[in-house]
Amino acid sequence: MNAPETLPILRYPDPRLHTVAKPVAAVDDRIRALIPRMLATMYEANGIGLAATQVDVHERLIVIDVSETRDQPLVLINPVIEWASDDKRKGEEGCLSVPGIYDGVERSTAIRVRALDGEGVARAIEAEGLLAVCIQHEMDHLVGKVFVEYLSPLKRNRIKSKLVKAQREAERA
């Protein structure tokens, strides 16, 4: 069986990353075909999470795999955080849309999220640690927010300049 085709990942500061995703109307063949392509894209880029927004599909769908073995994918369609712990921790985050940039972001250490899985079945998931952070990070993408927006304007502008310059150099090469 052939591996699913990967998708291009939008790079910050692409304005499409700020699009608010619409709910998935139905878990149909189109969505079921998109999920393996998103997972293949995430795995190829060595990521642990990917939101549909990052591949220019503006619907509420995220894929995650925080397992060491990279074989425990989690699909969340129309995710909603029902509860988040008051206990927060600042941790280093990176993003496939902001390559090579890592910085500290404060997140709840535990959450409960309700979503549909890849088959359209409603699920409640309790997550803590890395999985909780990853879900919160990917859900930010669904509302048009990239993790660098948690940083100071000075840091954000430096990152934007660095990535724009790298993009120009890549286009010239």
Side-chain angles (χ1 to χ4, degrees), residues 4-21 34-76 79 81 84-85 87-111 113 115 125 127-173:
E5 188 179 334
T6 59
L7 300 157
I9 298 172
L10 299 179
R11 302 274 190 237
Y12 183 80
D14 191 309
R16 294 172 290 181
L17 288 168
H18 300 296
T19 305
V20 175
L34 178 60
I35 291 167
R37 292 184 72 195
M38 285 179 59
L39 285 165
T41 302
M42 177 188 75
Y43 289 133
E44 183 179 86
N46 290 317
I48 59 171
L50 185 69
T53 302
Q54 293 174 273
V55 292
D56 205 19
V57 176
H58 302 285
E59 294 180 76
R60 294 185 58 79
L61 165 62
I62 59 180
V63 296
I64 292 172
D65 189 343
V66 296
S67 69
E68 293 283 324
T69 49
R70 314 293 285 146
D71 61 357
Q72 296 171 39
L74 179 63
V75 175
L76 300 175
I81 293 178
S85 69
D87 182 30
K88 296 186 186 305
R89 207 165 283 137
K90 192 171 192 169
E92 285 280 294
E93 288 189 25
C95 180
L96 297 177
S97 291
V98 192
I101 305 294
Y102 300 88
D103 213 314
V105 177
E106 189 173 78
R107 304 268 188 199
S108 291
T109 57
I111 59 170
V113 65
I125 295 160
E128 55 187 30
L130 180 60
L131 180 57
V133 168
C134 189
I135 291 171
Q136 292 169 83
H137 174 108
E138 298 309 329
M139 285 183 68
D140 276 353
H141 282 296
L142 300 180
V143 295
K145 189 167 189 175
V146 180
F147 91 97
V148 296
E149 291 168 50
Y150 287 102
L151 309 178
S152 71
L154 178 65
K155 271 189 178 177
R156 201 169 43 244
N157 286 333
R158 280 189 189 147
I159 290 166
K160 193 181 288 187
S161 297
K162 182 177 178 179
L163 292 174
V164 167
K165 181 180 177 194
Q167 181 67 36
R168 277 197 214 109
E169 288 170 2
E171 287 168 2
R172 276 193 227 117

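- The CZ atom of R156 sits 11.5 Å away from the CG atom of D103 when rounded to the nearest 0.5 Å.
- Here the side chains of L61 and V75 are in contact, with some heavy-atom distance below 4.5 Å.
- Here the shortest heavy-atom pairing between D56 and H58 reads OD1-NE2, 2.8 Å.
- Remark: the backbone N or O of V146 is not paired with any side-chain donor or acceptor of D140 at under 3.5 angstrom.
- Counting only distance, with no hydrogens or angles, the side chain of Q136 and the backbone of S108 share a donor-acceptor pair below 3.5 Å.
- Residues R107 and F147 come closest through the heavy atom pair NH2-CB, 4.4 Å.
- Residues R16 and T19 come closest through the heavy atom pair O-OG1, 2.9 Å.
- Nearest approach of C134 to V66, heavy atoms of both residues: CB-CG1, 4.3 Å.
- To the nearest 0.5 angstrom, Y43 atom OH is 11.5 Å from L50 atom CG.
- Residue R70 qualifies as enclosed at atom CZ: its count of foreign heavy atoms under 6.0 Å is above 12.
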Carefully, step by step, assess T41 and L96 under the rule side chain to side chain contact (heavy atoms under 4.5 Å, CB included). CA-CA 10 Å; T41 302; L96 297 177; over 6 Å; no
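- L17 places a side-chain heavy atom less than 4.5 Å from the side chain of Q54.
- No more than 12 heavy atoms of other residues, nucleotides or ligands sit less than 6.0 Å from atom CD of E68.
- Within the model, atoms CD1 of I159 and CG of L151 stand 5.0 Å from one another, a figure rounded to the nearest 0.5 Å.
- Using a 4.5 Å cut-off on side-chain heavy atoms (C-beta onward), M139 and K145 make no contact.
- Heavy atoms of other residues, nucleotides or ligands lying less than 6.0 angstrom from CD of E149 number more than 12.
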Kindly indicate, with the supporting measurements, whether the criterion side chain to side chain contact (heavy atoms under 4.5 Å, CB included) is fulfilled by E128 and T109. CA-CA 6 Å; E128 55 187 30; T109 57; over 6 Å; no
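- Closest approach of D65 and P73 over heavy atoms only: OD2-N, 3.6 Å.
- Taking 4.0 Å as the cut-off between side-chain N and carboxylate O, R37 and E5 count as a salt-bridged pair.
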Decide yes or no on side chain to side chain contact (heavy atoms under 4.5 Å, CB included) for L7 and V57, but give the supporting numbers first. CA-CA 10 Å; L7 300 157; V57 176; 5.9 Å; no
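- Within a 6.0 Å sphere centred on NZ of K88, heavy atoms belonging to other residues, nucleotides or ligands number more than 12.
- Looking only at side-chain heavy atoms (C-beta outward), L39 and P4 stay at 4.5 Å or farther from each other.
- Both tests do not hold together for K155 against Y150: distance to the six-membered ring centre under 6.0 Å, angle to the ring axis within 45°.
- Going from atom OG of S97 over to atom NE2 of H141 covers 5.0 Å, rounded to the nearest 0.5 Å.
- Here the side chain of E138 pairs a donor or acceptor atom with the backbone of A51 at under 3.5 angstrom.
- Note that NZ of K160 is 14.5 Å distant from CZ of R158, once rounded to the nearest 0.5 Å.
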Report the C-alpha separation of T53 and L142 in whole Å, then their side-chain angles, then the decisive distance to 0.1 Å, and conclude whether the side chain to side chain contact (heavy atoms under 4.5 Å, CB included) test is met. CA-CA 6 Å; T53 302; L142 300 180; 4.0 Å; yes
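- Not a single donor-acceptor pair under 3.5 Å links the side chain of T6 to the backbone N or O of A40.
- To the nearest 0.5 Å, atom CG of residue L74 and atom CD1 of residue I62 are 7.5 Å apart.
- Between A115 and P79 the shortest heavy-atom distance is CB-CA, 3.7 Å.
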